[in-house]
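Here the structure is a predicted model, which means the values were calculated and not measured.
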Amino acid sequence: MPPVSESWPLPPSNAIGLDLKSRKAWEVLLSAEREALAALKAKVKYQDKLVAVRLVAWFLKDFWEHQRSTAYKRLLLKIFSCEGVVEKVFQLGLVLRNHLIRVFYAPTPTPSEDASRPSYDQHTQNILMSIPNVNALENEGRTRTEARADTLLRDGHKCVITGLYDKTSIVNFPKIAAKAKTERASMEGTQVAYLFSGTVSLPGLLSKPTDIVAYAASILAILQMFGLDSVADKLLGKRVNNLCNVMTMITSLHDDFEQFIFWLEAVPGEEHTYNLVTRYPDIELFFGQLSQPPRQVKFSVDPEVRNNAGMKLPDSELIAVRAACARVAAMSGVADHIRLLMQDRDNVETLTDSDTSIHLLDSLLFLALPVEA
């Protein structure tokens, strides 16, 4: 993976390791990349068209390498439907980028805590009584506040990556504080980490929030691309807050997870076991606050609630889709591109260069492209 703030240019078609048909499509993408590079001006900061064509290309390569035949064939057809017209290739890539923003980059508000603070046993019982059928498709799903409580209970009030206890749980529940003390464990603030974003709007973007229809269409578009059309039912409406889509994570890692700085990749043959992949070349440096940086995690339901049928682990297919999107966003430069756009959008008054402000507006206007490619 390229380090943060770097991306990989497209190699020649004879060096990419694809079949003959894909190499023809790769030539189309190389032509579009050359035109995007030729059109770049020295002061162009966001490079929308360049990252757009590289996004399409590295998705094609990733689908081929990970044997996602349905996704590979569907994307290949979309590339050939551009008929070699580079502007159509740019449009395809920009629409894909917009789907990634809607589905993965929408900020998730922190839910409020329950001010009544029932006893730990009562708190647990309240959750278990309300959760048994939340994974049924006909269920309306959970609220963000319920997702926070559900996830902490399933994960043993710990971050699934580091094993650090949730600070709020230790403060609120003496039973959890006692467990942490017995284990000589540390604590830190945690948040709910979503595989697919837990909100439907991007506040402040073009001064107009992305509506629910566009968000749902982007979820469907991403999953359709992977041949997982039926999985979308798990994520529509408040179902996005169900346990299959969420996990507990310390705040310092939560932000990096949301921005594709690190992600999880399944260990073949080992159920619910994942390698941690980070764009930092030194994983010990990335997890510098820990004495033993984790390289692998195994998800499990806390023993205290393991027998409850509603306590589902994060869905392996959703994790795999997110991993593919993270890899491609890193390779293409889209992850850094989006982060830069969002930073400048939120600090537009500090941009002293008028050209940069104009380019920012142009790039944000690209985000208004229709949800259909």
Side-chain angles (χ1 to χ4, degrees), residues 7-40 46-104 210 213-232 320-321 324-329 331-335 337-338 362-363 365-373:
S7 63
W8 295 148
L10 305 186
S13 58
N14 60 4
I16 195 61
L18 299 173
D19 63 11
L20 179 60
K21 191 173 184 179
S22 297
R23 289 200 297 273
K24 291 180 179 178
W26 199 262
E27 287 294 342
V28 173
L29 299 171
L30 284 171
S31 176
E33 184 189 44
R34 285 193 294 271
E35 181 156 329
L37 286 168
L40 284 182
Y46 307 106
Q47 303 180 359
D48 300 86
K49 292 183 177 181
L50 181 61
V51 298
V53 66
R54 287 178 177 173
L55 180 66
V56 176
W58 289 120
F59 258 128
L60 185 68
K61 173 67 170 172
D62 196 83
F63 291 156
W64 172 266
E65 288 186 341
H66 291 83
Q67 300 178 343
R68 286 192 171 272
S69 59
T70 299
Y72 165 74
K73 291 175 183 176
R74 288 181 177 182
L75 185 55
L76 203 57
L77 285 174
K78 283 184 177 290
I79 295 169
F80 283 129
S81 73
C82 294
E83 301 175 329
V85 179
V86 294
E87 285 298 330
K88 291 184 178 180
V89 176
F90 297 149
Q91 179 91 355
L92 172 61
L94 289 169
V95 170
L96 278 177
R97 180 205 62 176
N98 292 356
H99 288 323
L100 292 182
I101 290 176
R102 292 190 184 105
V103 170
F104 296 112
T210 304
V213 174
Y215 175 76
S218 288
I219 284 183
L220 186 59
I222 292 290
L223 293 173
Q224 280 179 336
M225 185 169 67
F226 282 82
L228 300 172
D229 310 43
S230 62
V231 176
V321 170
C325 292
R327 287 191 299 268
V328 172
M331 296 283 282
S332 65
V334 163
H337 165 78
I338 293 173
D362 286 343
S363 295
L365 286 171
F366 275 130
L367 296 176
L369 285 171
V371 296
E372 292 295 331

Are [X] and [Y] side-chain neighbours, meaning at least one heavy-atom pair lies under 4.5 Å?
X      : Y      : value
Val85  : Val89  : no
Trp64  : Asp19  : yes
Val51  : Ser7   : no
Tyr72  : Gln67  : no
Val334 : Val328 : no
Lys49  : Glu87  : yes

Backbone of [Y] reached by a side-chain donor or acceptor of [X] within 3.5 Å:
X     : Y      : result
Arg23 : Leu18  : yes
Trp26 : Pro11  : yes
Glu33 : Leu10  : yes
Lys61 : Ile16  : yes
Trp8  : Gly333 : no

Value rounded to 0.5 Å, distance of CG in Leu55 from CG in Leu92: 8.5 Å
Mind checking salt bridge (charged side-chain N to carboxylate O under 4.0 Å, His left out) for Arg327 and listing every partner two or more places apart, or none if nothing turns up? Asp62, Glu265
Sequence neighbours excluded, which residues qualify as salt bridge (charged side-chain N to carboxylate O under 4.0 Å, His left out) partners of Arg74? Asp229
My understanding is that only residues two or more places apart in sequence, or in another chain, count here; which of them pass side chain to side chain donor-acceptor pair (under 3.5 Å) with [X]?
X      : answer
Ser13  : Glu27
Glu35  : none
Gln224 : none

Residue that, paired with His337, satisfies side-chain hydrogen bond (donor to acceptor under 3.5 Å, both in side chains) out of Arg97, Gln47, Arg54: Arg97
Sequence neighbours excluded, which residues qualify as side-chain contact (heavy atoms from CB on, under 4.5 Å) partners of Leu77? none
